[in-house]
Peer 1: 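Input: one structure, supplied below.
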Amino acid sequence: MPQGKPVTVPDDGLTTRQRRTRPLVMVHTGPGKGKSTAAFGLAMRAWNQGWPIGVFQFVKSAKWRVGEERALRVLGASGEGGPVSWHKMGEGWSWIQRPGSEDDHAADAREGWEQIKRDLAAETYRLYVLDEFTYPVKWGWIDVEDVVAALAARPGNQHVVITGRDAHPRLVETADLVTEMGKVKHPMDAGQKGQKGIEW
């Protein structure tokens, strides 16, 4: 897409402006680092435009204080840009072993998804960040066809970005924009654990 110009112009009956402002479903997937980081960068742009933002974290621990959360909460409360709501859906199921059965975690994920559907129907936010959402879909906790149907039927001008490895093929097919983060090198390959300011 040189100079920001589309390669083709579809014969869809839309004006350039209508096509330009069409709400998007975006998926950040792949084995490389940066999927959530890119989504939160997008949220910063949305905040600057004054859009209401809803962040729904599905896998990172509810007790983990990530830098993006603090930054976006402070920005959202500043009154300068859009408001920000942050929702944590569970206890970090994929990374941290916590008491409770898989059924409990699956139920939490399903309830989180039901809340997102209610918010989509009510047009609560202009940007939804569904962080690590590919995992409960991959594990079968949330039905991918329900997700595809809800995203296709969402009213208004609501953008959705989904992050996580191993995005379901139906999510990839449904999305308007899919970015696969590839890994060339990572410090963890050399035995280095995550560090402040880089991973959180």
Peer 1: Does atom CZ of R45 have more than 12 heavy-atom neighbours from other groups under 6.0 Å away?
Peer 2: no
Peer 1: Taking the side chain as everything from C-beta on, heavy atoms only, tell me whether W113 gets closer than 4.5 Å to D143.
Peer 2: no
Peer 1: Give the minimum heavy-atom separation between T163 and S36, together with the two atoms involved.
Peer 2: OG1-OG, 3.6 Å
Peer 1: Nearest 0.5 Å, what's the CZ-OG distance between R73 and S78?
Peer 2: 14.0 Å
Peer 1: Carefully, step by step, assess M26 and V178 under the rule side-chain contact (heavy atoms from CB on, under 4.5 Å).
Peer 2: CA-CA 6 Å; M26 297 158 275; V178 179; over 6 Å; no
Peer 1: Quick one: salt bridge (Lys or Arg N to Asp or Glu O under 4.0 Å) partners of R19, sequence neighbours excluded?
Peer 2: D12
Peer 1: Centres of the W86 and F40 rings: under 6.0 Å?
Peer 2: yes
Peer 1: Roughly how far, to the nearest 0.5 Å, is the CD atom of E111 from the CG atom of D108?
Peer 2: 8.5 Å
Peer 1: Mind running side-chain contact (heavy atoms from CB on, under 4.5 Å) on L42 and L127 for me, showing each step along the way?
Peer 2: CA-CA 9 Å; L42 185 68; L127 176 68; 4.3 Å; yes
Peer 1: Can you check whether F58 reaches T134 side chain to side chain, under 4.5 Å on heavy atoms?
Peer 2: no
Peer 1: Is P52 close to Y128 at the side-chain level, that is, under 4.5 Å between some pair of heavy atoms?
Peer 2: no
Peer 1: How many angstroms lie between atom CZ of R17 and atom CG of L14, to the nearest 0.5 angstrom?
Peer 2: 13.5 Å
Peer 1: In sequence, state the C-alpha distance, the side-chain angles, and the governing distance for K33 and H186, and then conclude on side-chain contact (heavy atoms from CB on, under 4.5 Å).
Peer 2: CA-CA 8 Å; K33 176 176 165 47; H186 195 291; 3.9 Å; yes
Peer 1: Could you tell me which non-hydrogen atom of G50 sits nearest to which non-hydrogen atom of P83, and how far apart they are?
Peer 2: O-CD, 4.5 Å
Peer 1: So which atom in A121 and which in P155 form the shortest heavy-atom distance, rounded to 0.1 Å?
Peer 2: O-CG, 4.0 Å
Peer 1: Do I162 and H28 come close enough that some side-chain heavy atom pair is under 4.5 Å?
Peer 2: no
Peer 1: For the residue pair V27 and T179, establish whether any side-chain heavy-atom pair is separated by less than 4.5 Å.
Peer 2: no
Peer 1: Please enumerate all residues that pass salt bridge (Lys or Arg N to Asp or Glu O under 4.0 Å) together with K117, with sequence neighbours excluded.
Peer 2: E114, D146
Peer 1: Is there a path from L120 to V144 through hydrophobic residues (I, L, V, M, F, W, Y) whose side chains come within less than 4.5 Å of each other?
Peer 2: yes
Peer 1: Is there a donor-acceptor pair under 3.5 Å between the side chain of Q18 and the backbone N or O of T15?
Peer 2: yes
Peer 1: Which heavy atom of V84 sits nearest a heavy atom of G76, and at what distance?
Peer 2: CG2-CA, 3.8 Å
Peer 1: Does I142 belong to the same Ile/Leu/Val/Met/Phe/Trp/Tyr cluster as V172, with side-chain heavy atoms less than 4.5 Å apart forming each link?
Peer 2: yes
Peer 1: What's the verdict on side-chain contact (heavy atoms from CB on, under 4.5 Å) for L72 and M44, showing C-alpha distance, side-chain angles and the deciding distance?
Peer 2: CA-CA 7 Å; L72 281 168; M44 300 276 280; 4.1 Å; yes
Peer 1: Indicate whether any N or O donor in one side chain lies under 3.5 Å from an N or O acceptor in the other, for W47 and E80.
Peer 2: no
Peer 1: Return the minimal non-hydrogen interatomic distance between A43 and V129, and the atom names on each side.
Peer 2: CB-CG2, 4.3 Å
Peer 1: With a 4.5 Å cut-off on side-chain heavy atoms, are D166 and T29 touching?
Peer 2: no
Peer 1: To the nearest 0.5 angstrom, please state how far the CZ atom of R165 sits from the CD atom of E180.
Peer 2: 11.0 Å
Peer 1: So R170 and E145, do their side chains get closer than 4.5 Å, heavy atoms only?
Peer 2: yes
Peer 1: When rounded to the nearest 0.5 angstrom, what distance separates OG1 in T37 from CD in E68?
Peer 2: 5.5 Å
Peer 1: Might you point out which heavy atoms bring D176 and P23 nearest each other, and give the distance in Å?
Peer 2: OD2-O, 3.9 Å
Peer 1: Would you call E69 and K88 a salt bridge, using N to O less than 4.0 angstrom?
Peer 2: yes
Peer 1: Compute the centroid of each ring, for W141 and then for Y135, and state whether the two points are separated by less than 6.0 Å.
Peer 2: no
Peer 1: Less than 4.5 Å apart, side chain to side chain, heavy atoms only: is that true for R154 and V160?
Peer 2: yes
Peer 1: Does the ring center of W51 lie less than 6.0 Å from the ring center of H159?
Peer 2: yes
Peer 1: More than 12 foreign heavy atoms under 6.0 Å from CZ of R118: is that the case here?
Peer 2: yes
Peer 1: Tell me whether D131 is salt-bridged to K35, with the criterion being a basic N under 4.0 Å from an acidic carboxylate O.
Peer 2: no
